[in-house]
Amino acid sequence: MKFGKTHYISEITPELQGREVVVAGWVYRKRDLGSVQFLVLRDSTGILQMVAKEGECNEETLQAAKRAGIESSLRAKGIVRQDPRAPGGVELVLKELEVVGPSEDFPIKGKEGPEFLLDHRHLYLRSRRLQAILKIRAEAIKAMHEWFYKNGFIETEAPTIIEQVVEGGATLFELNYFGKKVYLTQSSQLYLEAFITAFEKVYTIQPSFRAEKSRTWRHLTEFWHAEAEMAWADLNDMMDVVEALVKYVAEKVVERRSEELEYLKRRFEPPDGRFPRISYDEALEMAQRKGSKLSWGEDLDTPSERMISLEFETPFFVHRYPRQSRAFYHMPDPKRPEVLLCADLLAPEGKGEIVGGGQRIHDYNLLLERIKEFGLDPSRYTWYLDLRKYGTVPHSGFGLGVERTVAWIAGIRHIKDAIGFPRTPTRTIP
RNA sequence: GGCGGGGUAGCUCAGUAGGUAGAGCGUCCGGCUGUUAACCGGAAGGUCAUGGGUUCGAAUCCCAUCCCCGCCGCCA
């Protein structure tokens with residue numbers, strides 16, 4: 001694996017003074033002074049200044065350094081030298097330099113706009129900014145797997161190609177499947193509800209697709225969805241799980257990726273204490289006090305959500321939304337049938353909804369009634385209804401938006417940057 | 001689906017009483033033995049999104065079309 005390398009760049013420290021090492025990477029910056037060449041080399045661990053100077057190296061090495069353009073890949077042998085003038089206080093005095101993959105006129109120079117950078121995403125990935133965000137993303141996903149594993153959840157997979165609709169038809173991408181109309185899944189929830197009768201607690205982290213022309217900072221047409229479902233669990237159990245999971249993820253990212261957060265200039269403290277749990281009624285009241293014209297029964301709109309979220313330091317739940325405002329499978333509150341046993345987790349700082357979930361209807365007749373109430377065709381939900389016919393149990397679950405969570409933790413403006421190759425209504429390349 | 005903004009050099013943009021286009025950065029050439037987004041000198045580079053119209057003359061005014069961006073709705 002080392003390909004002749006002796007060190008990663010992060011391992012080149014002043015203590016190695018005088019040692020001969022071989023490093024490999026890409027040219028990050030370059031300063032050409034004629035008979036002195038400065039190359040700043042980047043690898044996956046950091047950056048290192050390298051010097052080729054007449055008198056300190058042979059002519060061949062000096063010429064190779066001169067030839068190496070920005071982002072060309074190279075392997076370099078040299079002597080480690082402490083020097084206060086070098087970034088990080090250490091540099092490499094070049095002895096041999098091999099340009100492995102030349103690069104001429106790298107398109108990204110540093111002043112490009114967002115559109116250009118998205119068009120060149122395959123090249124922009126190597127930027128330190130995107131590297132930092134994507135390392136945070138990887139850490140967040142790893143932490144989710146850890147938390148689920150430690151808490152007895154079984155990882156399952158739901159199909160991407162599906163036949164029946166989940167919540168309503170308009171937002172599904174249609175696919176031609178040997179002449180039959182099928183769709184890309186927009187949630188694994190219904191399948192997880194089947195898995196719980198085997199495993200009780202299950203989760204999956206996989207993409208969901210939404211065919212909505214939503215052009216906002218918090219929407220993608222293809223996003224990674226962390227979903228969990230639990231048998232024998234009510235709304236409060238679900239909120240407990242979400243709270244523990246989100247806290248764990250935040251803690252692990254801060255613990256393991258503080259350098260990256262710092263690079264992004266993100267001052268982020270993992271949330272402390274219990275997440276506040278306010279009802280829709282209370283949330284509506286807060287919004288109305290701040291000037292919202294919403295009346296009871298209407299879903300909270302984005303401006304209201306933002307106003308409310310600025311009142312909180314940590315993520316917080318809003319639970320028990322009006323019956324009309326949510327999907328058919330949500331369980332009505334037995335004590336108050338006009339609201340549902342559902343809850344959203346909203347991030348502070350106006351960062352919007354991160355999690356949506358709730359208790360599901362486990363009664364066959366009630367579910368059938370609700371499907372009809374929503375004008376859906378019960379024949380398309382036979383297997384889903386079946387789950388209520390054979391040993392049904394009270395159960396709850398939720399879906400967490402991976403990119404939204406990363407955007408909140410990393411403090412980035414647009415969730416496009418929380419995934420390597422974002423998909424939006426107008427972008428499918430690269 | 002609704003509302004708003006925008007397409008001028010490789011990039012980021014400037015350019016209205018209409019007179020066949022500019023800057024910074026980048027690129028190329030030259031110089032420089034300690035640079036930190038190096039610096040200095042020189043050069044190249046544009047069917048002003050597309051089509052049509054008004055006009056002696058259109059990047060600029062009018063009409064149409066295409067594309068992009070942001071906000072709202074929808075949601076994770």
Side-chain angles (χ1 to χ4, degrees), chain A residues 28-40 47-57 62 65-66 69-70 81 83-89 91 93 104-120 166-168 170-172 185-189 205-228 242 246 298-306 321 325-327 342 344-347 351-357 397-408 413-416 418-419 424-427:
Chain A
Y28 178 64
R29 292 281 142 76
K30 176 172 185 177
R31 289 151 215 135
D32 178 351
L33 281 72
S35 49
V36 187
Q37 299 286 323
F38 293 98
L39 297 178
V40 180
I47 58 173
L48 172 70
Q49 172 165 294
M50 309 193 298
V51 198
K53 192 195 274 189
E54 211 169 77
E56 285 186 347
C57 69
L62 187 68
K66 214 165 203 165
I70 296 286
R81 177 165 68 193
D83 193 316
R85 292 169 297 187
E91 65 184 12
V93 181
E104 285 170 29
D105 199 12
F106 192 69
I108 300 172
K109 319 285 188 187
K111 293 184 76 176
E112 293 73 17
E115 194 61 22
F116 184 90
L117 292 175
L118 281 166
D119 286 338
H120 296 81
V166 177
E167 306 190 9
T171 63
L172 290 154
T185 184
Q186 57 178 205
S187 166
S188 301
Q189 178 199 322
I205 303 176
Q206 64 182 93
S208 283
F209 303 86
R210 302 277 164 94
E212 293 162 348
K213 291 189 176 170
S214 310
R215 337 173 29 88
T216 76
W217 60 269
R218 70 200 109 92
H219 288 90
L220 296 170
T221 51
E222 175 180 6
F223 68 95
W224 282 71
H225 209 175
E227 294 177 275
V242 169
V246 170
E298 293 180 281
D299 207 349
L300 298 177
D301 56 14
T302 299
S304 302
E305 271 188 6
R306 192 178 301 119
Y321 283 82
S325 67
R326 289 290 187 277
C342 64
D344 289 348
L345 184 73
L346 306 190
K351 279 295 185 180
E353 183 181 342
I354 285 178
V355 176
F398 63 90
L400 174 149
V402 170
E403 289 79 15
R404 288 186 181 183
T405 303
V406 171
W408 163 57
R413 193 164 287 146
H414 202 299
I415 64 167
K416 276 180 211 166
I419 185 167
T424 69
T426 52
R427 179 165 299 281

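Note: hydrogens, waters and symmetry copies are ignored here, and every other heavy atom, side chains too, is used.
T426(A) comes within 4.0 angstrom of sugar-phosphate atoms only, judged by non-hydrogen atoms across all strands, and of no base. If you check every strand for non-hydrogen atoms under 4.0 Å, L220(A) touches a base. Within 4.0 Å of K30(A), counting heavy atoms only, lie sugar-phosphate atoms of the nucleic acid but no base atom. Looking at heavy-atom distances under 4.0 Å, R306(A) makes contact with sugar-phosphate atoms alone, never a base. Residue contacts shown for K416(A) are limited to sugar-phosphate atoms, with no base heavy atom under 4.0 Å away. Note on G110(A): nothing from the nucleic acid sits closer than 4.0 angstrom, heavy atoms only. Note on E104(A): nothing from the nucleic acid sits closer than 4.0 angstrom, heavy atoms only. Contact annotation for E115(A): backbone-only contact, meaning every heavy-atom pair under 4.0 Å involves sugar-phosphate atoms and none involves a base. Backbone-only engagement by I354(A) is indicated by non-hydrogen atom pairs under 4.0 Å involving sugar-phosphate atoms exclusively. At the heavy-atom level, A86(A) lies under 4.0 Å from base atoms of the strands shown. Residue contacts for V355(A): at a heavy-atom cut-off of 4.0 Å it reaches the sugar-phosphate backbone alone, with no base atom in range. Contacts of K109(A) with the nucleic acid, taken as non-hydrogen atoms under 4.0 Å apart, involve only primed sugar atoms and P, OP1 or OP2.
Each of U27(B), C75(B), G34(B) was ranked by its minimum atom distance to the side chain of R218(A); first place goes to C75(B). When the nucleotides G34(B), C69(B), C74(B) are ranked by their closest atom to the side chain of E212(A), C74(B) comes out on top. The side chain of E54(A) approaches U33(B) more closely than any other nucleotide in the set C71(B), U33(B), C74(B). Here the side chain of Q49(A) is nearest to one of C25(B), G34(B), A76(B), namely G34(B). The R31(A) side chain lies nearest to A37(B) when the options are C69(B), C74(B), A37(B). For R85(A), whose side chain is taken as the heavy atoms from C-beta onward, the closest listed nucleotide among A76(B), U33(B), G34(B) is G34(B). The side chain of F116(A) has C11(B) as its nearest neighbour among C11(B), G34(B), C75(B).
Between F106(A) and K53(A), the one whose closest nucleotide on RNA chain B sits nearer the 5' end is F106(A). Closest-nucleotide positions on RNA chain B for D83(A) and W224(A) were compared, and the one nearer the 5' end corresponds to D83(A).
Judged by distance alone, with hydrogens and angles left aside, R210(A) brings no side-chain donor or acceptor close enough to the base of G73(B) to form a pair under 3.5 Å. Remark: the S214(A) side chain and the G73(B) base include a donor-acceptor N/O pair separated by less than 3.5 Å. In this model, no side-chain donor or acceptor of R215(A) finds a partner on the base of C72(B) within 3.5 Å. A donor-acceptor contact under 3.5 Å is not formed by the side chain of E56(A) with the base of U33(B). A donor and an acceptor atom never sit less than 3.5 Å apart when one is taken from the side chain of K213(A) and the other from the base of G1(B).
At the phosphate of G70(B), OP1 or OP2 sits under 4.0 Å from a side-chain N or O atom of H414(A). Using a 4.0 Å cut-off, no side-chain N or O of T216(A) falls inside it from OP1 or OP2 of C74(B).
Using P as the reference atom, A58(B) and A21(B) are 12 Å apart when rounded to the nearest Å. Using C1' as the reference atom, G15(B) and U8(B) are 9 Å apart when rounded to the nearest Å. Straight-line distance between the P atoms of C62(B) and G5(B): roughly 14 Å, to the nearest whole Å. Using atom C1' as the reference point in both U12(B) and U16(B), the two lie 23 Å apart (nearest Å).
Between R427(A) and E222(A), no side-chain nitrogen of the basic residue sits less than 4.0 Å from a carboxylate oxygen of the acidic one, so the salt-bridge criterion is not met.
In this structure, F223(A) counts as stacked on the base of A76(B) under the 5.5 Å centre distance and 30° plane angle limits.
Considering only residues two or more places apart in sequence or on other chains, Y321(A) meets the ring-ring contact (aromatic ring centres under 6.0 Å, His included) condition with Y280(A).
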